[in-house]
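Just below is one structure, and these are the notes that go with it.
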Amino acid sequence: MILFRKFRVLILMVFLVACTMHIMIDLLPKLEKRATGPNSGNGGCSCSHNPSEEPRNWAKQRARSAAEPGWPNKHTLRILQDFSNEPNSNLSSHSLEKVINTGDKAESFKRIKQFAPNADGQKTLIKDTRDGRTQPVQTVSRLSALFEHPLYKTDLPPLTDDDTLFNVNTDIRFYPKAAGNQEWHNEGNEEDEEYNPTGEATAESYPNWLRFHIGITRYELYSRHNPVIDALLKDLVSQSITSVAMKSGGTQLKLIMTFQNYGQALFKPMKQTREQETPPDFFYFSDFERHNAEIAAFHLDRILDFRRVPPVAGRLVNMTREIRDVTRDKKLWRTFFISPANNICFYGECSYYCSTEHALCGKPDQIEGSLAAFLPDLALAKRKTWRNPWRRSYHKRKKAEWEVDPDYCDEVKQTPPYDRGSRLLDIMDMTIFDFLMGNMDRHHYETFEKFGNDTFIIHLDNGRGFGKHSHDEISILVPLSQCCRVKRSTYLRLQLLAKEDYKLSSLMEESLRRDRLAPILIQPHLEAMDRRLRLVLKVLADCVEKEGYSAVVEDDLDGQPASHQRPGGR
């Protein structure tokens, strides 16, 4: 009996010792961190973890994260830009507000009102800050010379309330101290705060993403020479990332990143190097999206003076500190792992290319990617999604109607909204834009609902451009060769960019040099754009010879919007 009692006491003591050891093991990392301090022992590394330490701390970090209250909470997101590949023709773009709850719409209005106008009764628009004087430069800049050309100084029609995306109520005022977090203004530096004496914020004090939004009009996403765009590009690569979640829909992984100033951007990670060319046997719809194509598309769009691509910048992201550690998306968090090469990897969830075979890996946890600024929240500025009339069949054997019917454009011209206004001519602009990039994946496009059919089309989702430099896909130019219509401003700019003084490849190279991830394109891609530009001009020259200049080139430089048929009324 005595031996039995001693045995029970021994078992109890062993159990207590084991529990004590577990508690000490859990507390040891915290005690070490408190003893060494947050800035010591890392040798200046921006990573939050050393790859060699990752396997030891991974399980404990997961256990601590799972123990947080409400994990995983629903991460309320505002998807402002629809890059989805889902073929929803002529339907409004969808955002997560419709999926999560209807109360988010009120929150969206609160968000825009929080930064809303001064009380002088004027419409708040971001205007160009140019005094007409040429600033001296140290070196010759072709890009600066291009933007000083008269073709890049044409005036738009006078703006009315119907021509601006946002009509801000004059009785809405912004009181800085009333908002909970003011880090969007100056990132918490109270010494630099300069509030308006009336307690109202001026347009210059708005965060750059909001200044970009309130500058959108019927005719453009942003105005020429607008300093807000360059400031927004800097924000995309410098603002602290506060949360990350996966973008729903699409065949490949995309992330929604939210910044410290409440701005948001769509992140497309690097999947291929700049030198990798799409194999000739690949179908256009099975190719990877390229992060550098998104960046180059923005710069090309601006050089062509379309200004229909939202600002995009390249950024080197720390996968541990800026994605895994800040995400509240449990599905994304679960896909992180350590590769055999001791690199941090993740693959997320999507329709096709989201698996360990297509994982995105850092070196050891740094990864390149493109960040595209979001358009305004869909609850505030609805967009309409249109099926591209020259959409491809997305089938391995079938061809689309436009590929077999030479008179297909005549049918399009008789179908709204292509039977009036400038929509058909905007499609021709987009065709030229896609051909210069080699993009065959333009299945849909979008417009802002407020402006109806008399507005520009937004050039979204350009990740499948710049895949091939050794091959020019002539089928992309079929809309232009079938319709033989083009805006005069576009025609003259194309001729200008074909000249040696304004060579397109040189302009692109100079413009892309400003991006943080430069070089963005390799030389063969730059040279391919010059070659393709000559092909575009050859198609237009053939059209002019066949139908006459006035029948092909529509004048849009007379102060009126271009149209292949003048509307009799709205």
Side-chain angles (χ1 to χ4, degrees), residues 73-84 86 88 90-117 123-126 161-174 178-181 184 201 203 206-218 221-222 232 242-250 254-259 261-267 310-311 328-329 372-386 444-453 455-458 460-461:
N73 290 336
K74 285 187 177 180
H75 187 62
T76 304
L77 300 170
R78 298 176 176 89
I79 296 184
L80 310 180
Q81 206 169 24
D82 188 1
F83 287 83
S84 173
E86 297 299 326
N88 296 323
N90 292 341
L91 296 176
S92 298
S93 303
H94 300 288
S95 68
L96 284 186
E97 282 79 10
K98 300 178 182 179
V99 180
I100 297 173
N101 59 58
T102 57
D104 285 348
K105 183 172 183 179
E107 182 64 26
S108 300
F109 280 100
K110 185 186 297 182
R111 182 168 177 259
I112 197 71
K113 290 178 180 179
Q114 181 183 15
F115 303 107
K123 184 184 307 297
T124 308
L125 290 175
I126 307 304
D161 287 348
D162 292 336
D163 296 328
T164 57
L165 189 60
F166 292 115
N167 296 325
V168 188
N169 298 327
T170 57
D171 58 342
I172 300 176
R173 302 183 181 184
F174 174 69
N181 190 341
W184 65 266
Y206 294 165
N208 292 313
W209 60 266
L210 180 56
R211 300 175 70 188
F212 162 56
H213 289 177
I214 63 179
I216 298 174
T217 70
R218 178 186 300 277
L221 271 180
Y222 56 89
L232 178 56
T242 58
S243 66
V244 176
M246 287 186 291
K247 164 77 165 64
S248 60
K254 297 176 281 286
L255 301 179
I256 300 170
M257 291 185 169
T258 304
F259 302 115
N261 67 354
Y262 304 116
Q264 290 183 311
L266 189 75
F267 180 77
R328 302 283 300 178
D329 191 328
F374 269 22
L375 294 175
D377 194 302
L378 290 174
L380 303 175
K382 292 182 179 180
R383 301 195 302 275
K384 191 169 185 178
T385 301
W386 303 82
H444 289 78
Y445 65 88
E446 295 188 16
T447 60
F448 288 106
E449 279 193 3
K450 176 181 178 179
F451 303 135
N453 295 334
T455 185
F456 65 94
I457 60 182
I458 310 171
L460 298 177
D461 202 0

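Numbers for residues simply follow the sequence, beginning at 1.
Taking all atoms of both residues into account, the shortest heavy-atom contact from Phe212 to Pro311 is CZ-CD, 3.6 Å. Residues Leu221 and Pro310 share a closest heavy-atom pair of CD1-N, 3.7 Å. Heavy atoms only, all atoms of each residue included: Lys450 and Asp162 are closest at CE-O, 4.2 Å. Contact detail for Phe166 and Ala381: the closest heavy-atom pair is CZ-CB, 4.2 Å.
One finds the NE2 atom of His213 at 8.0 Å from the CG atom of Leu232 (value rounded to the nearest 0.5 Å). Between atom CG of residue Leu210 and atom CG of residue Asn261 there is a gap of 10.0 Å, rounded to the nearest 0.5 Å. Atoms CZ and CG, on Phe448 and Leu165 in that order, are 5.0 Å from each other to the nearest 0.5 Å. Between atom CG of residue Asp329 and atom CE of residue Met246 there is a gap of 4.0 Å, rounded to the nearest 0.5 Å. In this structure, CZ on Phe259 lies 9.0 Å from CD on Gln264, to the nearest 0.5 angstrom. Here the straight-line distance linking atom CD1 of Ile256 with atom CZ of Phe267 works out to 13.0 Å at 0.5 Å rounding.
Residues satisfying the side-chain hydrogen bond (donor to acceptor under 3.5 Å, both in side chains) test with Tyr445, not counting sequence neighbours, are Tyr418, Arg423. In this view, Thr455 and Arg218, Thr447, Phe451 satisfy the side-chain contact (heavy atoms from CB on, under 4.5 Å) rule, not counting sequence neighbours.
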Going through the distances and angles, do Phe456 and Ile458 end up as a side chain to side chain contact (heavy atoms under 4.5 Å, CB included)?
CA-CA 7 Å; Phe456 65 94; Ile458 310 171; 3.9 Å; yes

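Proximity of a side-chain donor or acceptor of Thr242 to a complementary backbone N or O of Thr258 within less than 3.5 Å is detected.
Within the 4.5 Å cutoff, side-chain heavy atoms of Tyr206 are placed close to those of Ile214.
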